[in-house]
4 protein chains.
Amino acid sequence: MTREEIQRTAVDLFAHKGFAATSIRQLGTAAGVNPATLYHYAAGGKEEWLATIMRTCLAELLRLGRLALVSSEDPNIQLVQLVRGHVGMTALNPLTARVTDQEMRALSADNFAELVAVRDDYESMFSTVLTRGVRTSAFQVVDARLTRLALLEMCNGVAHWYRPDGRLSVMQVADQFGELASRIVGATRKTDVDLSDNEVVPRRLATEPSSGQSDAVAATA
Amino acid sequence: MTREEIQRTAVDLFAHKGFAATSIRQLGTAAGVNPATLYHYAAGGKEEWLATIMRTCLAELLRLGRLALVSSEDPNIQLVQLVRGHVGMTALNPLTARVTDQEMRALSADNFAELVAVRDDYESMFSTVLTRGVRTSAFQVVDARLTRLALLEMCNGVAHWYRPDGRLSVMQVADQFGELASRIVGATRKTDVDLSDNEVVPRRLATEPSSGQSDAVAATA
Amino acid sequence: MTREEIQRTAVDLFAHKGFAATSIRQLGTAAGVNPATLYHYAAGGKEEWLATIMRTCLAELLRLGRLALVSSEDPNIQLVQLVRGHVGMTALNPLTARVTDQEMRALSADNFAELVAVRDDYESMFSTVLTRGVRTSAFQVVDARLTRLALLEMCNGVAHWYRPDGRLSVMQVADQFGELASRIVGATRKTDVDLSDNEVVPRRLATEPSSGQSDAVAATA
Amino acid sequence: MTREEIQRTAVDLFAHKGFAATSIRQLGTAAGVNPATLYHYAAGGKEEWLATIMRTCLAELLRLGRLALVSSEDPNIQLVQLVRGHVGMTALNPLTARVTDQEMRALSADNFAELVAVRDDYESMFSTVLTRGVRTSAFQVVDARLTRLALLEMCNGVAHWYRPDGRLSVMQVADQFGELASRIVGATRKTDVDLSDNEVVPRRLATEPSSGQSDAVAATA
DNA sequence: GATGAATGAGGATTCATTCAT
DNA sequence: GATGAATGAATCCTCATTCAT
């Protein structure tokens, strides 16, 4: 439990001050433990905290991505589900997502290679869906690669501005971004995603500092 | 001239390693000057380099934004011009834009207040245009605020992936993002922007490290 | 038994890395016990391991020295036996001897005083024999003190280079050093030491890490 | 000058406390400079001080060794000159020699490889001379390798006990060790080394802390 | 007897910055 | 205008050790 509390503190500090600008002393103080104790929980030192956070986050993205891909064979639905999962996950764990997105460069060679590979795996799902949608004329895009990048940046951006205590619920944001994504790819027919037994539901990560809300369902209701 | 060379070096380092992770000594070494000499060019120390970079970048964005707003009274055209200017500027100066976008948190209180105010001024232009477009039914958006944020993040994201020596020219990217923006806001009529005497042309900033290309026009041709 | 295993591990580490450069954690890891457990076996902490090792080693040297002195009244024989014992003991327990010789300075005041006194007691045996040999004209030395120091350093040096799995057996080395010692002191008559019931036989110390051989006799055969 | 003063302080501390047990802070305090300043003079950090000391010392040994080898073709003289140079150098720079002899293990891989190679080069001179002496029957040794090791350790040992303010001058010690070496190798004819224009004269090293005496000649007179 | 958790002190090193030259 | 020297503060991390379990 203590370990997770420290991890949440780390996410909070890394997200707001940046990894490089956060000292191990600050982390210790904020978490209420002696700086030396941090090495008890993470022998790898400062970077291990970062890498663990990122692994957790990317694992959840991968999980949601896979669910999205198997949720339908229709590229329209796959894309919307991908985006809903990504944005929902990001809005539900904005600080974790921010750290994961912004601090890749802080990693040393080994962790960098590992985690970039995972991220690339994840992002390739967007390529797959986009490419299929273009081939089947479900989408009308000028440049698939540019479109993918625009989409991903737009979705990642949610981590920069979403506030759990704000005007919009996690699922409202996720749904609207699904709509925006459809527009961006020029979806040729309007596809209402059947959410009756939707399984692409993002989870609150153990790394995300608490901010009042509890989980995706509660946030939607 | 030396000052500008140092500034370009600073942008390069800040963009790739982050401000906090870049030491004044690394900057000196990379720029080929003694670290102490950096204090002749910027008495304010490390942060002055950062603040100057950001001021330069935001000033250019403001300039382009104003040109976009006066380029037409049609919200469709205004929005597309805003986006084309923003994206063009970002693609033309990706490292400067990246630093400006990502390192706000590194600023001390004074500089932070000043520069956030400038950025808010700039971003309010998007609000203005969006709101007018919604009021006049030129746009079909569910939530104007969310739409603005999605748009801005998508545009800012260009700084994360655009490569001057890549497949697409600055203006190709700018034009395509204009199209994406139109889709995102659900533009009701297709508006071909007349670019015959278009004045919204981004400039290469003195802060941007060289990467082969020279300016926006050349990149377009 | 565990205690002795730890002690052997300690000798190994202290001999190869030095006492100061060996952490209690490394010792624990190498010995396969939790670092905290080390304090059950040696409440005095890190230094107690060192002091115990040294005491063991010096006790054996003292034992051999006394045997050497009573083995004969002839200074020639006494000296050769002293050297044979010292070198044999050193070659049989090279790591223990190395630690004992090199790490005196790491001891705190109390242990330092105690163990230096023991060492001085031991080394005074060489003085005694040398002085008697000079007085009786058994030896031809220019400077007894210098000779004693040269002898001792030469003998201690064995700990730096002797390898149990090397070309020479413990006893071969011991015998040859006996010969060298005779030469150094300019022994006036050649004295063949009768080894038929020689009692100056070094023992394998419990502190010495295993290296394949078992004891002095086996090593001789 | 400051650099050399720091170096002498470093030798003093390393010799008396050991490299690992000497902190960079202690070195700074003892040298009267801020710990950070030490990195101004030796960017490589703590180990650079050690490696520099060793390089200086080994270079002087090599120089003396080469002079000894060319001083005569007679193995007797060569050996005595080698030993006189080695012991003279060691007695003249006891602390530097001690550090060089004892702290090899503290070096990192690169420096270790470099400096061990130099040391091996030097020590091979003893092998060369011994082998020739044995072949020409100038020497009577049972085991050339063992003899070389015994000789070297005896000579190195001088660094452990020689005191500049002691009873014996540097050259007295050097000469006596020359005599001991002759005995050890069983020199068949007594060779009086002609020292009238002897060039094998050890120099005071810049790394050696001052202790009252000035140089080899003065110490001899 | 054994150990995971915890910590204050200290390890080497780098930091941004100043200043005399 | 430029820089080598210098430093106090802070960096990450490891230390030997204690203690509740």
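In what follows, every chain begins at residue 1, and chains take the letters A, B, ... in the order their sequences are listed.
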Q: Determine to 10° how strongly the helix from E:dA2-F:dT21 to E:dT21-F:dA2 is bent, judged from the axes of its five-pair ends.
A: 0°
**Q.** Nearest heavy atoms of D:Ala159 and D:Pro94, plus distance in Å
**A.** CB-O, 3.6 Å
Q: Would you mind listing every salt bridge (charged side-chain N to carboxylate O under 4.0 Å, His left out) that reaches into residues 37-47 of chain B, with sequence neighbours excluded?
A: none
Q: Select from B:Pro35 and C:Val33 the residue whose nearest nucleotide in DNA chain E is closer to the 5' end of that strand.
A: C:Val33
Q: Could you check if a side-chain atom of A:Thr2 sits within less than 4.5 angstrom of a side-chain atom of A:Ile6, using non-hydrogen atoms only?
A: yes
Q) So, does A:Asn93 use its side chain to make a donor-acceptor pair with the main chain of A:Arg203 at under 3.5 Å? A) yes
Q: Please work out which residues in residues 37-54 of chain A have a non-hydrogen atom less than 4.0 Å from an atom of DNA chain F and list them by number.
A: A:Tyr39, A:Gly45, A:Lys46
**Q.** Point-to-point distance, once rounded to the nearest 0.5 Å, from CD of C:Gln7 to CG of C:Asp12
**A.** 13.0 Å
Q: List for me each residue that meets side-chain contact (heavy atoms from CB on, under 4.5 Å) alongside B:Ala51, sequence neighbours excluded, and say none if there are none.
A: B:Arg55, B:Leu107, B:Asn111, B:Leu115
Q: Any chance you could lay out the side chain to side chain donor-acceptor pair (under 3.5 Å) test for B:His160 and B:Gln102, step after step, and finish with the verdict?
A: CA-CA 10 Å; B:His160 291 98; B:Gln102 290 193 333; 2.9 Å; yes
Q) Got C:Val99 and C:Phe19 here, is their nearest side-chain heavy-atom distance under 4.5 Å? A) no
(Q) On DNA chain E, does the nearest nucleotide to C:Gly32 precede the nearest nucleotide to B:Ile24 from the 5' side, or the other way round? Give the residue. (A) C:Gly32
Q) Would you say C:Thr207 and C:Cys57 make side-chain contact, with heavy atoms under 4.5 Å? A) no
Q) Listed in order of residue number, which residues of residues 9-19 of chain A have a non-hydrogen atom at under 4.0 Å from DNA chain F? A) none
Q | Residue pairs fulfilling salt bridge (charged side-chain N to carboxylate O under 4.0 Å, His left out) with at least one residue in residues 98-111 of chain D, sequence neighbours excluded | A | C:Glu103-D:Arg105, C:Arg105-D:Glu103
Q.
Going by the rule side chain to side chain donor-acceptor pair (under 3.5 Å), which residues pair with C:Glu208 if we only count those two or more places apart in sequence or in a different chain?
A. C:Thr96
Can you name the atoms? Protein N/O to nucleotides 8-10 of chain F N/O, anything below 3.5 Å, with the distance.
residue : atom : partner : partner atom : Å
F:dG8   : OP2  : D:Asn34 : ND2          : 2.7

Q. Between the side chain of C:Arg8 and the main-chain N/O of C:Ala206, is any donor-acceptor distance below 3.5 Å?
A. yes
Let me have the donor-acceptor pairs involving side chains of residues 26-36 of chain B, under 3.5 Å, with sequence neighbours excluded, atom names and distances please.
residue : atom : partner : partner atom : Å
B:Gln26 : OE1  : B:Ser23 : N            : 2.9
B:Thr29 : OG1  : B:Arg25 : O            : 3.0
B:Asn34 : OD1  : B:Ala36 : N            : 2.8

Q) Which residue pairs pass the ring-ring contact (aromatic ring centres under 6.0 Å, His included) test with at least one member in residues 23-57 of chain D, sequence neighbours excluded? A) none
(Q) Among residues at least two apart in sequence or on other chains, which ones pass salt bridge (Lys or Arg N to Asp or Glu O under 4.0 Å) with A:Glu48? (A) none
Q: Go through DNA chain E in 5' to 3' direction and return only the first and the last nucleotide with some atom under 4.0 Å of chain B's heavy atoms.
A: E:dC15 to E:dC19
